[in-house]
Amino acid sequence: MASHDNIFATPIAKLGDFTFDERVAEVFPDMIQRSVPGYSNIISAIGMLAERFAKPHSKVFDLGCSLGAATLSMRRHIHQEGCEIIAIDNSAAMVERCRLLVNAYRSETPVQVIEADIRHVDIHDASVVVLNFTLQFLAPADRQTLLEKIYAGLRPGGILILSEKYIFDDERANELLIDLHHDFKRANGYSELEISQKRSAIENVMRPDSIETHKQRFNDIGFSSSEVWFQCFNFGSMFAIK
């Protein structure tokens with residue numbers, strides 16, 4: 001059973017930036033389910049999309065894999081000969097736990113779990129690439145470069161699945177969606193202190209883009225098709241097809 005997330009439950013005198021350290025890795029399943037609306041639906045559908053787009057003897061990348069939820073979902077759905085999943089994260093604590101979870105289940109689809117910076121990995125011969133709530137943690141200047149590298153490493157007809165938190169140009173709509181997200185967290189048992197401290201800790205490390213920004217990037221890079229396939233409040237997921 002997942003440990004309960006109470007990292008921000010008591011006042012923290014010196015609140016630093018949010019990091020994916022050992023404490024976060026320990027409670028991550030609970031944290032993500034109670035913090036990201038629609039997370040389970042997204043994970044399930046990533047597996048279904050991978051089943052459609054994974055090709056024989058190709059590679060499937062889960063970039064910023066954390067504990068491997070998307071990786072495990074894809075592995076359950078992929079039945080292509082010679083297809084390999086490569087899961088990458090730069091958090092040693094996440095990678096260690098991800099390997100344990102991956103090794104706990106047997107499958108004909110091999111999975112490599114690698115500790116590395118996704119900006120510096122070689123992406124090649126890919127039929128599916130997943131960025132599940134990962135791009136938003138990169139410096140804005142690095143996002144286009146990474147997406148261009150993914151595009152170059154995808155086979156024609158390959159898919160990028162990008163899940164993100166969104167901001168909206170309409171200020172009233174943006175504030176309403178933020179408020180609804182906070183209501184979601186309250187309904188899942190987070191206190192006002194937890195919501196406030198988590199927001200302060202994460203605002204310097206997570207800088208979300210608008211849906212329009214994502215679509216423009218995809219278009220500029222050369223993806224032939226892109227669309228939002230899931231949205232709940234200010235969280236969602238998109239696909240882009242080469």
J.: Heavy atoms only: give me the nearest Gln33-Tyr39 pair and the separation to one decimal.
T.: NE2-CD2, 3.8 Å
J.: In sequence, state the C-alpha distance, the side-chain angles, and the governing distance for Lys149 and Leu146, and then conclude on side chain to side chain contact (heavy atoms under 4.5 Å, CB included).
T.: CA-CA 5 Å; Lys149 184 163 77 165; Leu146 177 62; 4.2 Å; yes
J.: Residues two or more places apart in sequence or in another chain: which of them pass side-chain contact (heavy atoms from CB on, under 4.5 Å) with Asp122?
T.: His124
J.: Where is the tightest heavy-atom contact between Arg75 and Thr109, given as atom of each residue plus distance?
T.: CD-O, 3.3 Å
J.: Among Val121, Ile123, Ile114, find the one that has a side chain to side chain contact (heavy atoms under 4.5 Å, CB included) with Ile86.
T.: Ile114
J.: In Å, rounded to the nearest 0.5 Å, how long is the span from CD1 of Ile211 to CZ of Phe168?
T.: 4.5 Å
J.: Please name all residues satisfying side-chain hydrogen bond (donor to acceptor under 3.5 Å, both in side chains) with Asp117, sequence neighbours left out, ordered by chain then number.
T.: Arg119
J.: List the residues meeting side-chain hydrogen bond (donor to acceptor under 3.5 Å, both in side chains) with Thr134, not counting sequence neighbours, and say none if there are none.
T.: none
J.: For a quick test of reading the model, state the closest non-hydrogen atom pair linking Ser66 to Asp89 and the distance between them.
T.: N-OD2, 2.8 Å
J.: Which residues pass the salt bridge (charged side-chain N to carboxylate O under 4.0 Å, His left out) test with Asp220, not counting sequence neighbours?
T.: none
J.: Hey, could you give me each pair passing ring pair (Phe, Tyr, Trp, His ring centres under 6.0 Å) that has a residue in residues 78-113? Not counting sequence neighbours.
T.: none
J.: Identify, with sequence neighbours excluded, every residue that meets ring-ring contact (aromatic ring centres under 6.0 Å, His included) alongside Phe235.
T.: His181
J.: Is a side-chain N or O of Arg34 found less than 3.5 angstrom from the main chain of Lys185, in a donor-acceptor match?
T.: no
J.: Quick one: sort the Phe184 and Phe233 rings into parallel, tilted or perpendicular, breaks at 30° and 60°.
T.: perpendicular
J.: Give me each pair satisfying salt bridge (Lys or Arg N to Asp or Glu O under 4.0 Å) with a member in residues 155-178, each pair once, sequence neighbours excluded.
T.: Asp125-Arg155
J.: Which pairs pass ring pair (Phe, Tyr, Trp, His ring centres under 6.0 Å) with one or both residues in residues 139-163, sequence neighbours excluded?
T.: Tyr151-Phe223
J.: Please list, chain by chain and in numerical order, all residues satisfying side-chain hydrogen bond (donor to acceptor under 3.5 Å, both in side chains) with Arg99, sequence neighbours excluded.
T.: none
J.: Under the salt bridge (Lys or Arg N to Asp or Glu O under 4.0 Å) rule, what pairs show up with a residue in residues 47-73, not counting sequence neighbours?
T.: Lys59-Glu84
J.: Using a 4.5 Å cut-off on heavy atoms from C-beta on, say whether the side chain of Leu49 contacts that of Ile159.
T.: yes
J.: Suppose we screen for salt bridge (charged side-chain N to carboxylate O under 4.0 Å, His left out). Which residues come up paired with Glu212, at least two apart in sequence or across chains?
T.: none
J.: Apply side-chain hydrogen bond (donor to acceptor under 3.5 Å, both in side chains) to Gln144 and list each qualifying residue two or more places apart in sequence or on a separate chain.
T.: Glu148
J.: Any heavy-atom pair between the side chains of Phe133 and Met206 that's under 4.5 Å?
T.: no
J.: So, taking the atom named CD1 in Ile118 and the one named CG in Leu135, what distance separates them when rounded to the nearest 0.5 Å?
T.: 7.5 Å
